[in-house]
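Take a look at the structure below.
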Amino acid sequence: MPKDIKVLVCGAAGKMGQAVVRAVDSEAGFKLAGAVDRVGNPNIGKDIGLLCGINEIGVKLSGDLKETISKSQADVMVDFTMPEIVIVNAQMALKAGICTVIGTTGMTKSDIAELSKLSKQNSTGAIVAPNFAIGAVLMMKFAKEASKYFASAEIIEYHHDKKLDAPSGTAIKSAELMVENRKLFGRDTVSGKETIKGARGAIGDGNIHIHSVRLPGLIAHQEIILGGTGQTINIRHDAYDRTAFMPGVLMAVKKVMELDCLVYGLENII
Ligand code: NAP
């Protein structure tokens with residue numbers, strides 16, 4: 001019988017981290033090996049299963065990633081923390097030869113390039129995905145395809161009001177994929193000036209305007225609207241619950257063990 005994949009979750013006390021702990025605990029073939037969060041978290045030392053609303057699972061929340069890496073013998077680290085610290089966590093894991101799955105958004109292109117180099121140097125797999133929901137990956141694929149036929153496009157992304165980064169990693173990644181099929185969008189058709197600064201949103205890759213909505217009640221949603229002569233096409237994805245991301249996370253945990261370099265985007269592994 002194949003051995004369970006041992007998973008260390010970084011950011012385990014956070015919203016996504018808790019969902020990953022529950023998913024790992026409930027899925028055959030995976031075993032939770034470690035759970036880490038910020039050193040000052042009041043739940044350090046408590047059983048992570050109880051914190052996540054499931055049974056006691058015998059893994060205590062730790063505030064020390066280095067120690068957990070050496071004690072847990074994890075195969076894969078999954079990181080859902082914050083843009084300022086994910087790079088340090090990932091460097092620590094990759095240097096220790098632990099495959100790394102990153103869901104944290106807000107990393108710069110140079111952060112990703114740096115991790116890519118480290119992953120190659122250590123022949124240790126890494127997957128960075130701004131969106132683990134399969135539906136969101138399909139939305140991006142469909143938008144890339146539609147970009148061949150529509151010369152104008154804008155993105156509206158909607159997230160909960162606690163989200164730290166704007167625009168979302170998914171919006172940035174969507175624009176990056178769309179410019180693979182069309183270098184420049186909308187340049188000839190848009191006129192008029194902004195009478196309130198920012199009204200036209202941020203300008204992403206390929207002159208694709210990106211609008212970030214932040215409201216309580218939302219989870220993660222995005223529309224990509226493409227416009228042509230006398231018609232528009234609207235491609236929309238809604239994640240109503242964080243469980244939407246879990247099949248993609250577990251798929252990445254399995255896949256990353258076969259890699260010896262960094263892969264950016266879930267679309268490259270499904
Ligand atoms: P969250 O609830 O704030 O969780 C982040 C957790 O990381 C918190 O518990 C935070 O602790 C902890 N943390 C902070 N510093 C740490 C450190 N040095 N070491 C370990 N843990 C540390 O946020 P979330 O909603 O779960 O989102 C986490 C990230 O995932 C965000 O970047 C978000 O955009 C991204 N995300 C990605 C996807 C995807 O599919 N890729 C989907 C949803 C969200 P404190 O609360 O004490 O600061």
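Heavy atoms only: backbone and side chains are in, while hydrogens, waters and symmetry mates are out. All values reported here derive from a predicted model rather than from experimental measurement. Counting convention: from 1, in listed order, for ligands and their atoms alike.
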| Is the closest basic N to carboxylate O distance between Glu267 and Lys144 below 4.0 Å? | no
| query | Between Glu157 and Arg214, is there a salt bridge with N-O shorter than 4.0 Å? | reply | yes
| said: Looking at Lys60, I'd like to know if its NZ atom is crowded, meaning that more than 12 non-hydrogen atoms belonging to other residues, nucleotides or ligands lie closer than 6.0 Å. | reply: no
Side-chain donor-acceptor distances from residues 5-25 under 3.5 Å, at least two apart:
from: Lys6; atom 1: NZ; to: Gln73; atom 2: O; distance (Å): 3.3
from: Gln18; atom 1: NE2; to: Ala13; atom 2: O; distance (Å): 3.0
from: Arg22; atom 1: NH1; to: Cys52; atom 2: O; distance (Å): 2.8

| Is the side chain of Arg200 donor-acceptor paired with the backbone N or O of His209 at a distance under 3.5 Å, no angle test? | no
| request: Scan side-chain atoms only and decide if Asp64 and Ser62 contain a donor-acceptor pair under the 3.5 Å cut-off. | output: no
Contact table, ligand 1 N/O with protein N/O, distance under 3.5 Å:
from: ligand 1; atom 1: 2 (O); to: Lys15; atom 2: N; distance (Å): 2.9
from: ligand 1; atom 1: 2 (O); to: Lys15; atom 2: NZ; distance (Å): 2.9
from: ligand 1; atom 1: 9 (O); to: Gly14; atom 2: N; distance (Å): 3.3
from: ligand 1; atom 1: 9 (O); to: Asp37; atom 2: OD1; distance (Å): 3.1
from: ligand 1; atom 1: 9 (O); to: Asp37; atom 2: OD2; distance (Å): 2.9
from: ligand 1; atom 1: 11 (O); to: Asp37; atom 2: OD1; distance (Å): 2.9
from: ligand 1; atom 1: 21 (N); to: Arg38; atom 2: N; distance (Å): 3.4
from: ligand 1; atom 1: 26 (O); to: Lys15; atom 2: N; distance (Å): 3.3
from: ligand 1; atom 1: 26 (O); to: Met16; atom 2: N; distance (Å): 2.7
from: ligand 1; atom 1: 32 (O); to: Thr105; atom 2: N; distance (Å): 3.1
from: ligand 1; atom 1: 32 (O); to: Thr105; atom 2: OG1; distance (Å): 3.4
from: ligand 1; atom 1: 34 (O); to: Thr105; atom 2: OG1; distance (Å): 2.7
from: ligand 1; atom 1: 34 (O); to: Lys163; atom 2: NZ; distance (Å): 2.9
from: ligand 1; atom 1: 40 (O); to: Phe132; atom 2: N; distance (Å): 2.8
from: ligand 1; atom 1: 41 (N); to: Gly103; atom 2: O; distance (Å): 3.1
from: ligand 1; atom 1: 41 (N); to: Ala129; atom 2: O; distance (Å): 2.9
from: ligand 1; atom 1: 41 (N); to: Pro130; atom 2: O; distance (Å): 3.1
from: ligand 1; atom 1: 47 (O); to: Arg38; atom 2: NE; distance (Å): 3.0
from: ligand 1; atom 1: 48 (O); to: Arg38; atom 2: NE; distance (Å): 3.1
from: ligand 1; atom 1: 48 (O); to: Arg38; atom 2: NH2; distance (Å): 2.6

